[in-house]
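First comes the structure, then the notes that go with it.
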Amino acid sequence: MEEQVNPAAQLQPLKFRKAGEFRDIPLPQYVSEAIDKHAADHGTTSDGYLFQGRKYKLVVRRTYQEGFRGAADQAGLPPEFIPHSLRHLYASTALAEGIPITDVSRWLGHKSIEVTHQIYGHLIPASFDRASTALDAAYQASRGQQLRKPPADPQDGQAAESAG
């Protein structure tokens, strides 16, 4: 993505970007397939865009919001579900799944990681216990040892003691 439409229906660089700079964003397979299907079924504009505006050549925010609201109503979604909700869903899902906040911040186009952390920091999985386990494993591996795991069955533990 390298441009966005302003309220006057003109293309401009992305927020916090210079002309020609872009932002890569991971796209789920099902979204890619839906885009391909839409393009196959409906074609694109002469400039290669998926949608054309009603009043202007390009789709402006108001037109997009009206279309989104209609589709959301048809799907039975509450009025609070707005286009920006999809952005929050994207970010919160990625963070909850352990995607680094530095990557999510870049994909969202935030000017700094602090902005992302202020909004989404509470969604980052706790890593205290994982860090302890990882450090123990690295230490044991460096010594050529494996972590001792407790026996799954108390009988197994007794058999191991009497054999030793």
* Asked: Under the salt bridge (Lys or Arg N to Asp or Glu O under 4.0 Å) rule, what pairs show up with a residue in residues 71-83, not counting sequence neighbours?
  -> Arg69-Asp73

* To do: Examine distances only and state if a side-chain atom of Ser85 and a backbone atom of Ile82 form a donor-acceptor pair shorter than 3.5 Å.
  => yes

* Asked: Are Phe68 and Leu58 connected in a single hydrophobic cluster, I mean Ile/Leu/Val/Met/Phe/Trp/Tyr linked by side-chain heavy atoms less than 4.5 Å apart?
  -> no

* Can you tell me how far the NE2 atom of His117 sits from the OG1 atom of Thr102, to the nearest 0.5 Å? -> 12.0 Å

* Asked: Are any side-chain N or O atoms of Thr63 and backbone N or O atoms of Val59, one a donor and one an acceptor, separated by less than 3.5 Å?
  -> no

* With under 30° as parallel and over 60° as perpendicular, where do the rings of His42 and His38 fit, or are they tilted in between? -> tilted

* Arg87: what forms a side chain to side chain donor-acceptor pair (under 3.5 Å) with it, not counting sequence neighbours? -> His110

* Using the benzene-type ring in the case of Trp, are the ring centres of Phe51 and Tyr64 under 6.0 Å apart? -> no

* With hydrophobic residues grouped by side-chain heavy-atom distances under 4.5 Å, do Leu50 and Val60 end up in a single group? -> no

* Would you please say whether a donor-acceptor pair under 3.5 Å links the side chains of Glu33 and Gln29? => yes

* Judged by atom type as modelled, is there a donor-acceptor pair below 3.5 Å linking the side chain of Ser142 to the main-chain atoms of Tyr139? -> yes

* Asked: Rounded to the nearest 0.5 Å, how far does CD1 of Ile124 lie from CD1 of Ile99?
  -> 12.0 Å

* Asked: Which is it for Glu66 and Arg62 under the salt bridge (Lys or Arg N to Asp or Glu O under 4.0 Å) test, yes or no, and what are the steps along the way?
  -> CA-CA 6 Å; Glu66 289 170 0; Arg62 182 170 178 83; 3.4 Å; yes

* To do: Could you check if a side-chain atom of Leu108 sits within less than 4.5 angstrom of a side-chain atom of Ile25, using non-hydrogen atoms only?
  => no

* N/O donor-acceptor pair under 3.5 Å between Ser92 side chain and His88 backbone -> yes

* **Pairwise side-chain contact, Ser132 with Asp129, heavy-atom cut-off 4.5 Å (strictly under)** => no

* Asked: Can you name the closest pair of heavy atoms from Ser105 and Ser112 and give their distance?
  -> OG-O, 3.6 Å

* To do: Using the rule that two of Ile, Leu, Val, Met, Phe, Trp, Tyr join whenever any of their side-chain heavy atoms come within less than 4.5 Å, decide whether Leu123 and Leu89 are in one cluster.
  => no

* **Same cluster (ILVMFWY, side-chain, under 4.5 Å), Val104 and Val115** => yes

* Hey, are the side chains of Asp47 and Lys57 touching, using non-hydrogen atoms and a 4.5 Å cut-off? -> yes

* Which distance, rounded to the nearest 0.5 Å, do you find between the CD of Gln118 and the CD1 of Ile113? -> 11.5 Å

* Asked: Mind checking whether Val31 and Ile35 have side chains closer than 4.5 Å, heavy atoms only?
  -> yes

